[in-house]
Amino acid sequence: MLVIPASIFGLKVFYTFQKNMISGEDMKLFYAHSTSSEDKSDWQLLDEHLENVCTKAGAFAKNFGASAWGRILGKSHDMGKGSYLWQAYLRHVNNIVDEFSEFYDGHPSHAFTGAQWLYKNSKDVGKLLAYCIAGHHGGLPNWSDMGPSALKNRMEQHYPEIEIPHSLPDFPKQPPISFEQNRLGFQLQFFIRMLFSCLVDADFLDTERSLDKSKSDCRSKFCDFSELYNEFCPLCQDRSRLN
């Protein structure tokens with residue numbers, strides 16, 4: 001069960017601007033995913049991955065009026081990979097030595113960085129989005145649990161600095177649904193799970209597209225739901241009449 005505090009949407013947003021440390025040209029050195037290629041020619045660039053997942057997650061969430069929420073998730077979910085430490089780790093596991101190697105310090109976390117950044121800049125909308133980003137690899141966390149796995153504890157920890165250019169998103173003023181006081185807990189956790197699904201699917205599909213294009217191409221060969229409906233609905237109706 002996902003545990004969420006009910007006191008949200010006071011809509012008081014706090015803004016923090018960070019100085020960009022690198023230029024747009026340097027973004028070509030920051031990667032989201034790697035292959036066995038030593039020259040990194042087919043590694044996926046981080047800004048490309050963030051933009052692709054932003055577009056996909058926004059399109060998925062549009063079906064329930066939450067496109068803006070999905071886009072923020074997609075753009076922020078892997079911000080933690082924009083640190084020198086994470087880029088050094090990616091090179092290290094591929095036995096590559098370059099300008100990032102001096103920053104290597106083991107396997108740093110990346111999922112909590114974007115979550116923390118959104119939460120620090122919005123204690124209501126950002127908090128809801130933080131659940132999805134923090135859990136996009138390991139599953140949705142509870143806000144308060146025993147031990148360090150609780151999202152509240154994660155949001156208080158220190159993570160590597162984000163070195164890629166990033167700007168504060170335009171947080172939605174309200175969710176796309178009307179909350180009812182006697183159903184607030186259920187509605188909130190269900191809304192978060194819907195957003196979480198959009199992010200995880202978008203992330204997986206874009207990663208697959210980058211690392212296994214042949215498998216990704218197979219997905220485009222399947223019928224969409226409207227075609228399946230038109231194909232099978234008459235059969236269901238015939239069976240109904242027989243019964």
Side-chain angles (χ1 to χ4, degrees), residues 1-4 30-35 42-82 86 90 109-119 125-143 149 151 154 164 166 169-172 175-177 186-229 232:
M1 178 180 179
L2 182 62
V3 181
I4 308 167
F30 283 73
Y31 297 95
H33 304 109
S34 64
T35 67
D42 58 353
W43 289 22
Q44 187 181 30
L45 292 170
L46 179 55
D47 61 337
E48 175 188 289
H49 178 60
L50 293 178
E51 189 58 42
N52 290 348
V53 178
C54 169
T55 300
K56 287 182 181 293
F60 293 155
K62 183 179 180 180
N63 291 296
F64 52 99
S67 179
W69 298 71
R71 290 185 62 83
I72 294 173
L73 286 173
K75 197 71 173 178
S76 309
H77 80 288
D78 271 356
M79 286 177 65
K81 292 184 177 181
W86 204 91
L90 197 63
S109 168
H110 78 272
F112 301 109
T113 306
Q116 184 185 67
W117 184 70
L118 290 177
Y119 175 63
V125 174
K127 183 185 227 178
L128 297 189
L129 296 173
Y131 280 99
C132 302
I133 294 180
H136 81 273
H137 281 294
L140 286 168
N142 286 328
W143 178 253
S149 62
L151 185 58
R154 295 288 193 184
I164 59 173
H166 54 288
D170 184 13
F171 290 109
I177 59 176
F186 172 79
Q187 289 177 309
L188 274 177
Q189 64 90 15
F190 194 84
F191 180 56
I192 291 174
R193 291 179 191 278
M194 292 289 286
L195 291 171
F196 177 71
S197 177
C198 293
L199 173 60
V200 172
D201 285 357
D203 185 26
F204 180 88
L205 290 172
D206 186 65
T207 301
E208 180 184 71
R209 183 70 179 172
S210 173
L211 302 182
D212 193 347
K213 191 174 184 299
S214 60
K215 185 176 180 180
S216 178
D217 287 341
C218 289
R219 295 184 184 277
S220 63
K221 299 177 182 179
F222 294 110
C223 300
D224 61 27
F225 282 115
S226 61
E227 292 177 281
L228 291 173
Y229 177 83
F232 288 100

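- Under the salt bridge (Lys or Arg N to Asp or Glu O under 4.0 Å) criterion, Arg209 pairs with Asp217, sequence neighbours left out.
- Residues passing the side chain to side chain donor-acceptor pair (under 3.5 Å) test with Asp212, sequence neighbours excluded: Ser214.
- Between Trp69 and Tyr131, the gap from one ring centroid to the other reaches at least 6.0 Å.
- The shortest distance between side-chain heavy atoms of Leu128 and Leu188 falls below 4.5 Å.
- Considering only residues two or more places apart in sequence or on other chains, Lys75 meets the salt bridge (Lys or Arg N to Asp or Glu O under 4.0 Å) condition with Glu51.
- Residues that satisfy the side-chain contact (heavy atoms from CB on, under 4.5 Å) test with Thr207, not counting sequence neighbours, are His33, His49, Asp203, Leu211.
- Residue Ala115 comes nearest to Ala134 through the heavy atom pair CB-N, 3.8 Å, listed as atom of the first residue, atom of the second, then distance.
- Annotation: side chain of Leu90 is in contact with side chain of Trp43 (closest heavy-atom distance under 4.5 Å).
- At a threshold of 4.5 Å between non-hydrogen side-chain atoms, the residues Phe30 and Leu45 do not count as touching.
- Note that CD1 of Ile72 and CG of Leu118 are 7.0 Å apart. Values are rounded to the nearest 0.5 Å.
- By the side chain to side chain donor-acceptor pair (under 3.5 Å) test, Ser34 is found to be paired with Asn94, residues two or more places apart in sequence or in another chain being considered.
- By the side chain to side chain donor-acceptor pair (under 3.5 Å) test, Gln187 is found to be paired with no residue, residues two or more places apart in sequence or in another chain being considered.
- Residues passing the side-chain contact (heavy atoms from CB on, under 4.5 Å) test with Ala57 are Ala202, sequence neighbours excluded.
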Legend entry - Steps toward ring pair (Phe, Tyr, Trp, His ring centres under 6.0 Å) verdict (His77, His137): CA-CA 10 Å; His77 80 288; His137 281 294; 8.0 Å; no
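- Annotation: side-chain contact (heavy atoms from CB on, under 4.5 Å) contacts of Phe64 (sequence neighbours excluded): Ala61, Ala66, Phe191, Met194, Leu195, Cys198.
- Scored by the ring pair (Phe, Tyr, Trp, His ring centres under 6.0 Å) test, Phe204 finds no partners at all (sequence neighbours excluded).
- Listed by chain and residue number, Lys81 satisfy the salt bridge (Lys or Arg N to Asp or Glu O under 4.0 Å) test with Asp78 (two or more places apart in sequence, or in another chain).
- Side-chain contact check for Ser76 versus Ile133: some heavy-atom pair is nearer than 4.5 Å.
- Two residues are said to be in side-chain contact when any heavy atoms from C-beta on lie closer than 4.5 Å; Phe190 and Ile177 fail this criterion.
- Contact annotation: the side chain of Leu73 never approaches that of His136 to less than 4.5 Å [non-hydrogen atoms, C-beta and beyond].
- Legend: residues meeting side-chain contact (heavy atoms from CB on, under 4.5 Å) with Phe196, ordered by chain and number and at least two apart, are Cys132, Leu140, Val200.
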